[in-house]
Amino acid sequence: MKEVHYNGLTFVPYIENEKIAARIKELAKVIKRDCEGSVPLFICVLNGAFPFAADLFREVDMDAEITFIRLKSYQGMQSSGVVKEVIGLSEDIKDRTVIIVEDIVDTGKTIHNLMEDLKKKQPAKLKIATLLFKPEALVCDVKPDYVGFEIPKKFVIGYGLDLDGIARNLKDVYQLKENA
Ligand code: 5GP
């Protein structure tokens with residue numbers, strides 16, 4: 001594997017697709033065990049989570065459903081700054097087992113706001129699955145239930161994660177090379 005270049009930045013190979021696939025198999029087994037007796041609804045947060053959600057969903061060997069949402073940012077009036085509105089959720093999640101599928105949890109603000117919104121709809125269980133988690137960057141009281149990889153506070157791209165809209169189609173995850 002070699003370095004890739006986008007917008008004048010250099011990225012080095014970080015997590016290979018084979019390693020991601022193997023980890024997803026493990027997560028899928030745990031999810032199946034945890035969700036026994038229910039038909040979980042996976043909610044994929046677009047755009048970044050789509051490769052992870054597709055791979056994870058196909059590995060979960062049980063009856064399950066998947067749907068897709070987007071978080072539309074708008075400038076809120078509160079001091080907290082950017083508020084993200086959920087768009088696209090047409091399913092009734094009341095009394096259901098719901099698994100939010102994210103690409104990355106960084107500060108945790110996005111997932112925290114999303115959880116608060118979804119809790120109002122009274123799901124039976126609300127879990128978070130994220131491919132990547134940066135614990136050092138976390139500023140919110142959230143704890144992802146299913147984590148692919150804990151990573152340091154460095155910018156990554158690939159496997160759904162973008163740099164200004166590009167690089168999502170890289171099969172592997174790459175990390176920004178510092179002082180390049
Ligand atoms: P949070 O609200 O947890 O700070 O950030 C969540 C969002 O920030 C992610 O869904 C993602 O869009 C973006 N993000 C955070 N860290 C990274 C990163 O290292 N690489 C990329 N491509 N996006 C990131």
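It should be emphasised that the depicted structure is a prediction, and the values quoted were computed from it without experimental measurement. Positions are given from 1, in the same order as the sequence printed here. Note that ligands are numbered from 1 as they come in the structure, with each ligand's atoms numbered from 1 the same way.
- Of all protein heavy atoms, the one lying nearest to atom 11 (C) of ligand 1 is Ile104 CG2, 3.6 Å.
- Of the protein's non-hydrogen atoms, the one nearest atom 1 (P) of ligand 1 is Thr107 OG1, 3.3 Å.
- Using a 4.0 Å cutoff on heavy atoms, Gly48 does not count as a contact of ligand 1.
- Of the polar atoms of Ile111, none of the N or O atoms is found under 3.5 Å from an N or O of ligand 1, judged by distance alone.
- Residues Phe155 and Asp162 approach most closely at CZ-O, 3.6 Å, considering heavy atoms.
- Contact annotation for atom 8 (O) of ligand 1: protein absent (non-hydrogen atoms, distance under 4.0 Å).
- A donor-acceptor contact closer than 3.5 angstrom is absent between the side chains of Glu3 and Thr10.
- Of the listed options Val156, Thr110, Asp103, Asp103 places a heavy atom closest to atom 10 (O) of ligand 1.
- The option from Leu132, Asp162, Asp106 that lies nearest to atom 22 (N) of ligand 1, judged by heavy atoms, is Asp162.
- Residue contacts with ligand 1: Phe155 is placed with no nitrogen or oxygen under 3.5 Å of a nitrogen or oxygen of the ligand (distance criterion only).
- Atoms of ligand 1 lying under 4.0 Å from at least one heavy atom of Lys134, given by number and element, are 16 (N), 17 (C), 18 (C), 19 (O).
- Ion pairing between Lys19 and Glu16 fails under the 4.0 Å rule for side-chain N and carboxylate O.
- With respect to Lys29 and Glu59, no salt bridge is recorded, no charged nitrogen being found less than 4.0 Å from a carboxylate O.
- If you look at Lys154 next to ligand 1, the close heavy atoms, those under 4.0 Å, all belong to the backbone.
- Heavy atoms of Leu163 found under 4.0 angstrom from ligand 1: none, in either backbone or side chain.
- In this structure, a donor-acceptor pair under 3.5 Å is present between the side chains of Asp34 and Tyr146.
- Between Phe42 and Phe57, the gap from one ring centroid to the other is short of 6.0 Å.
- Here CD1 of Ile157 is found 8.5 Å from CG of Leu176. Values are rounded to the nearest 0.5 Å.
- The cluster map of Ile, Leu, Val, Met, Phe, Trp and Tyr, joined by side-chain heavy atoms under 4.5 Å apart, puts Val101 and Phe149 in the same cluster.
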